[in-house]
Structures are given as structure tokens and as C-alpha cells.
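Both ligands and their constituent atoms are indexed starting at 1 by order of listing. These numbers come from a predicted model, not from an experiment.
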Amino acid sequence: MGRLRIGIVGLGRIAPAHIRAVKRASDLAELAAFVSRRREHAAVLAQQHHVPKVYDSLDQVLVADTVDALVLCSPNHLHAVQAVACARAKRHVLVEKPLANSVAEADAMIAAAALHGVALMVAQCRRFTEAVRQAKARLEAIGPIRSIVHTLAVRFPGLATDWWASAEATGGLVLGLNGPHVVDTICWFFGQRPTRVQATAVRHNQGWEGEDEAALLLDFPGDGIGVGHLSFNANYGVNERFVVGARGTMHLTNETRLVVNGEVVVDETYGPYLEGGPNFDAQMREFLTAIRDGRTPMASASEVRTSVEVLEAARRAIRTGCAVELPTVPAAAA
Ligand SMILES: NC(=O)c1ccc[n+]([C@@H]2O[C@H](COP(=O)([O-])OP(=O)(O)OC[C@H]3O[C@@H](n4cnc5c(N)ncnc54)[C@H](OP(=O)(O)O)[C@@H]3O)[C@@H](O)[C@H]2O)c1
């Protein structure tokens with residue numbers, strides 16, 4: 001297999017991180033196309049990054065034979081329809097988080113990818129730092145896990161991009177945008193599905209429909225507890241995870257510093273988040289090598305579906321004020 005030809009869909013805030021990652025994986029892939037509603041903006045970027053093709057729509061790139069895989073950097077509510085279209089056109093997909101805003105959408109995406117034999121990976125970029133990978137590898141030494149508390153708090157005084165105004169598009173603002181990070185790492189670290197989801201969320205800023213402050217409480221089999229705390233109202237960014245195990249304790253700061261039982265194991269410094277970095281590079285390599293080797297990638301859609309289920313349950317819990325029980329095995333696709 002030659003180098004994979006990659007297209008980037010949606011040239012907004014997160015796209016540069018993926019553009020950089022493809023360029024840094026030049027032994028495996030090349031940037032072959034940009035898909036953008038803004039022709040001039042796309043043309044400037046294409047020239048800057050030596051990208052040969054620019055398309056106005058996903059449909060156009062899917063009928064041309066210029067890409068093997070697409071990175072979907074589009075708003076949350078477009079992920080499902082775009083990923084299904086890509087799969088039907090037999091293109092592999094790396095979709096930004098969240099996989100989808102609903103379980104029904106996620107199942108349609110997973111079914112389409114399976115039917116057409118393409119990879120469908122979710123860009124859970126916060127799994128791919130050295131500190132997080134080391135943490136995952138060392139969990140057994142401190143386990144079984146008793147509890148995980150993850151605070152992900154940032155400062156957004158207003159819309160970072162227009163579609164954030166819509167609760168439907170974002171999947172509940174802070175819950176739909178940063179919830180996928182927090183829920184993914186809690187579930188991935190536990191290595192199990194939660195059995196029960198409780199949640200509460202409120203809106204302080206009236207500039208959007210969704211909620212900007214939320215808390216999640218997840219019960220895991222074997223008396224494990226997961227706590228997610230999400231805020232768009234912090235004065236400064238805080239990203240802290242505590243993992244309490246039966247035989248030790250772990251503390252992750254910003255995904256780049258890992259302390260296990262009081263000992264610093266990894267301490268790295270990353271550049272600005274949206275510019276990408278080693279975690280986006282490692283994520284891209286995982287996607288590309290999985291396609292090359294014909295294996296299921298890490299953070300495959302089938303695996304990340306649990307996060308979509310948890311976030312859907314959380315939205316129901318917020319609406320009703322009641323805890324939501326999750327089935328012990330995933331319900332069959334609708
Ligand atoms: N991994 C992370 O930590 C991380 C961080 C930030 C965002 N994300 C995810 O990445 C995705 C994109 O987020 P973003 O912050 O980059 O958003 P953004 O700046 O608004 O970029 C999204 C791009 O999608 C394209 N688009 C196509 N149809 C659109 C429509 N109907 N409405 C608005 N945009 C449309 C636009 O690009 P064109 O104008 O070029 O067509 C737009 O610039 C989201 O799923 C988000 O959750 C992930």
C-alpha cells in the first residue's frame with residue numbers, strides 16, 4: 001500500500017492540529033484535499049500546505065478519486081451524516097469527538113463502517129499523550145480502581161464558534177464538547193461500562209442554549225465511582241484527574257504530568273492545544289497504521305460508543321432529575 005491520501009473536512013479551530021499531524025506522518029500519508037465552504041480561505045491554506053485539491057462539499061470529494069480517508073473536523077451534529085456518507089463511498093474516517101450526539105447516530109455510523117469495510121476512529125486526542133499512556137499502562141499496579149475524579153474546566157466567556165449557540169448542534173454545550181473527553185478517559189481507565197449515570201447541569205451565560213457547568217456521577221461494577229466535573233466558567237484552565245486504586249493513587253495534570261504514588265513519572269510541556277502536538281501526531285499514526293495493517297484502531301467507534309451512551313443517559317438524567325441505569329451489555333443497534 002502506498003501513502004494514504006488524506007482529506008480534511010472543515011477548516012475551523014481544530015483542523016490545524018490534524019493538518020500538522022498528517023504532515024508529520026509523511027512516511028505513511030499525504031495531505032490530498034481540503035473540504036471547505038470557504039473557497040478563498042481553503043485556497044490560501046492549500047497553497048500554504050501544498051494540498052493539491054480543494055472541494056466545496058463532502059459530496060464532491062467523495063465522487064472524485066483523490067482521497068482514501070477523511071478527517072472530519074466539522075460541528076458535532078454533522079459527524080453522523082458525514083461519516084455515513086464517507087463509509088458508503090468506502091473512505092476511512094477519523095472523526096473528531098464526540099463520535100455522535102446520540103446513540104442512534106453512533107450506531108448508524110458503526111453499521112455503515114462495518115458494512116463497507118472501512119476504519120472509523122474517534123479523535124480522542126487526550127488518550128495519546130505520553131503521561132496518559134503511561135497512566136493507562138500502570139493502572140493494574142494500583143488497581144482495582146476505587147474512584148476517578150476528572151475536572152476539566154476552561155474559560156469561555158462567549159461563543160468560540162457560531163454553532164456553539166445551539167444546544168442541539170453541540171449536544172448540550174459543555175456536556176457535548178468537553179464531556180466526551182472526561183467520560184472517555186473515565187470509562188477507558190475503568191475498562192468497563194458504567195451501570196448507572198447521574199448528572200446535573202446549569203447555564204450561567206445566556207449567550208448560548210446549552211449548559212456551561214455540569215457534573216456527572218458514574219457507578220461502575222465492583223463499587224467503582226467516576227466523577228466528571230465540566231466548566232466553561234473557570235478563571236483559568238484546570239485539567240486534573242485523580243485515580244484512587246486499592247494499591248495506589250495516580251494524579252494526572254493536563255495529560256502531560258503523571259504522578260504515581262507521589263513519584264513524578266512523566267512531566268512534559270506541550271504547546272497551544274489547538275495547534276496540535278505529540279498527542280495529535282500519535283493519534284494520526286494510530287489511525288494510519290491501523291488502516292495499513294487492517295486492524296481495529298484504538299478509540300474505534302465501537303469502543304467509544306459507550307461514551308455516547310453515557311452522555312445520552314446524562315442528558316436524560318439532567319432533564320428528568322433521575323438516575324439512569326445502563327444495560328450491562330450495549331443494547332443492539334436500532
Ligand atoms: N480534540 C479536541 O480536543 C477538540 C478541540 C476542539 C474541537 N473539537 C471538535 O472538532 C469539531 C470542530 O470543532 P471546531 O472547534 O474546530 O469548530 P469550528 O471552528 O466551527 O470548525 C468547524 C468547521 O466545520 C465546517 N462546517 C461545515 N458545515 C458547517 C456548519 N453547518 N456549521 C458550521 N461549520 C461548518 C466549517 O469549516 P469551513 O468553513 O472550512 O467549511 C467550520 O469552520 C467538533 O466536533 C469539536 O467537538 C475537538
Side-chain angles (χ1 to χ4, degrees), residues 7-21 33-46 49 51 54-61 70-83 85-86 93-101 105-106 109 121-129 132 152 154 156 158-185 208 210 230 232 237 239 254-256 270-284 286-287 299 301 304 307-308 311:
I8 307 282
V9 181
L11 300 176
R13 294 167 65 242
I14 200 62
H18 294 287
I19 291 171
R20 173 197 136 122
F34 284 158
V35 179
S36 173
R37 303 166 308 168
R38 292 170 292 164
R39 185 160 270 271
E40 275 179 31
H41 172 64
V44 170
L45 278 186
H49 296 289
V51 176
V54 172
Y55 298 94
D56 295 329
S57 72
L58 185 63
D59 289 348
Q60 287 178 9
V61 73
L70 290 138
V71 184
L72 302 182
C73 301
S74 43
N76 297 1
H77 64 296
L78 300 180
H79 291 179
V81 69
Q82 291 186 340
C86 292
V93 173
L94 175 62
V95 59
E96 257 304 342
K97 45 56 55 181
L99 168 60
N101 280 347
E105 284 181 345
M109 297 162 82
M121 176 176 167
V122 189
Q124 297 292 164
C125 61
R126 293 174 191 263
R127 286 192 188 194
F128 290 90
T129 66
V132 172
L152 185 52
V154 288
F156 281 117
L159 302 174
T161 178
D162 54 0
W163 58 275
W164 279 23
S166 159
E168 197 183 339
T170 53
L173 198 67
V174 75
L175 203 66
L177 291 167
N178 278 350
H181 290 304
V182 164
V183 170
D184 181 67
T185 42
W208 38 50
L230 300 161
F232 272 9
N239 178 5
N254 293 332
E255 275 107 45
T256 52
Y270 277 32
Y273 188 84
L274 291 175
E275 288 177 17
N279 56 329
F280 279 88
D281 301 345
Q283 173 178 264
M284 184 58 67
E286 171 64 13
F287 178 58
V304 174
S307 295
V308 179
L311 288 167

*Asks:* At what distance is the nearest protein heavy atom to atom 48 (C) of ligand 1, and which residue and atom is it?
*Replies:*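 Of the protein heavy atoms, Glu96 OE1, 3.1 Å lies nearest.
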*Asks:* Quick one: do Tyr273 and Arg126 satisfy side chain to side chain donor-acceptor pair (under 3.5 Å)? Show the steps, please.
*Replies:* CA-CA 10 Å; Tyr273 188 84; Arg126 293 174 191 263; 3.3 Å; yes
*Asks:* Quick one: look up the protein heavy atom nearest atom 33 (C) of ligand 1 and list residue, atom name and how far away it is.
*Replies:* Pro75 CG, 3.4 Å
*Asks:* What part of Leu78 sits under 4.0 Å from ligand 1 if we count only heavy atoms: the side chain, the backbone, both or neither?
*Replies:* side chain
*Asks:* What protein heavy atom sits nearest atom 15 (O) of ligand 1, and how far off is it?
*Replies:*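 The answer is Arg13 NH1, 2.6 Å.
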*Asks:* Using distance alone, decide if ligand 1 has a nitrogen or oxygen within less than 3.5 Å of any nitrogen or oxygen in Ser36.
*Replies:*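 Indeed, backbone or side chain, Ser36 has an N or O that close.
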*Asks:* Using a 4.0 Å cutoff against the non-hydrogen atoms of Asn76, which atoms of ligand 1 qualify?
*Replies:* 44 (C), 45 (O), 46 (C), 47 (O)
*Asks:* Write out the residue and atom name of the closest protein heavy atom to atom 30 (C) of ligand 1, then the distance separating them to 0.1 Å.
*Replies:*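 Here the nearest protein heavy atom works out to Arg37 NH1, 3.4 Å.
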*Asks:* Between Ala15 and Cys73, which heavy-atom pair has the shortest distance, and what is it?
*Replies:*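 Closest approach of Ala15 to Cys73: CA-SG, 4.0 Å.
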*Asks:* Below 3.5 Å, N or O to N or O, backbone or side chain included: is there any such pair between His79 and ligand 1?
*Replies:* yes
*Asks:* For atom 12 (C) of ligand 1, what is the nearest protein heavy atom, given as residue, atom name and distance?
*Replies:*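 I find the closest protein heavy atom is Cys73 O, 3.3 Å.
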*Asks:* Would you check if the side chain of Thr129 reaches a backbone N or O of Glu255 as a donor-acceptor pair within less than 3.5 Å?
*Replies:* yes
*Asks:* Which of the listed options, Gly12, Gly10, Ser57, holds the heavy atom that is closest to atom 21 (O) of ligand 1?
*Replies:*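 Heavy atom nearest to atom 21 (O) of ligand 1 belongs to Gly12.
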*Asks:* Name the closest protein heavy atom to atom 4 (C) of ligand 1, giving the residue it belongs to and the distance to 0.1 Å.
*Replies:* Ile14 CD1, 3.7 Å
*Asks:* What atoms of ligand 1 come within less than 4.0 Å of a heavy atom belonging to Cys125?
*Replies:* 1 (N), 2 (C), 3 (O)
*Asks:* Within a 6.0 Å radius of atom CD on Gln60, are there more than 12 heavy atoms belonging to other residues, nucleotides or ligands?
*Replies:*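 Buried by this count: over 12 neighbours within 6.0 Å.
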*Asks:* Output yes when Arg127 and Asp184 qualify as a salt bridge under the 4.0 Å nitrogen-oxygen rule, no when they do not.
*Replies:* yes
*Asks:* Quick one: are the ring centres of Trp208 and Phe156 less than 6.0 Å apart?
*Replies:*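 No: the rings miss the under 6.0 Å criterion.
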*Asks:* Which one of Asn76, Leu311, Val308 satisfies the side chain to side chain contact (heavy atoms under 4.5 Å, CB included) criterion with Leu99?
*Replies:* Val308
*Asks:* Give me the nearest non-hydrogen protein atom to atom 13 (O) of ligand 1 as residue plus atom name, then the distance to 0.1 Å.
*Replies:* Trp163 CZ2, 3.6 Å
*Asks:* Is His41 touching ligand 1 with its side chain, its backbone, both, or neither, if touching means heavy atoms under 4.0 Å apart?
*Replies:* neither
*Asks:* Just so I know, are the side chains of Glu96 and Cys125 near enough to count as touching, which here means a heavy-atom distance under 4.5 Å?
*Replies:* no
*Asks:* Would you confirm whether His79, through its side chain, and Lys97, through its main-chain N or O, come within 3.5 Å as a donor-acceptor pair?
*Replies:* no
*Asks:* When only distance counts, is Ser74 in polar contact with ligand 1, meaning an N/O pair under 3.5 Å?
*Replies:* yes
*Asks:* Given side chains that start at C-beta, do those of Ile8 and Leu45 come closer than 4.5 Å, heavy atoms only?
*Replies:* no
*Asks:* Can you tell me which residue and heavy atom of the protein come closest to atom 2 (C) of ligand 1, and the distance to 0.1 Å?
*Replies:* Tyr273 OH, 3.4 Å
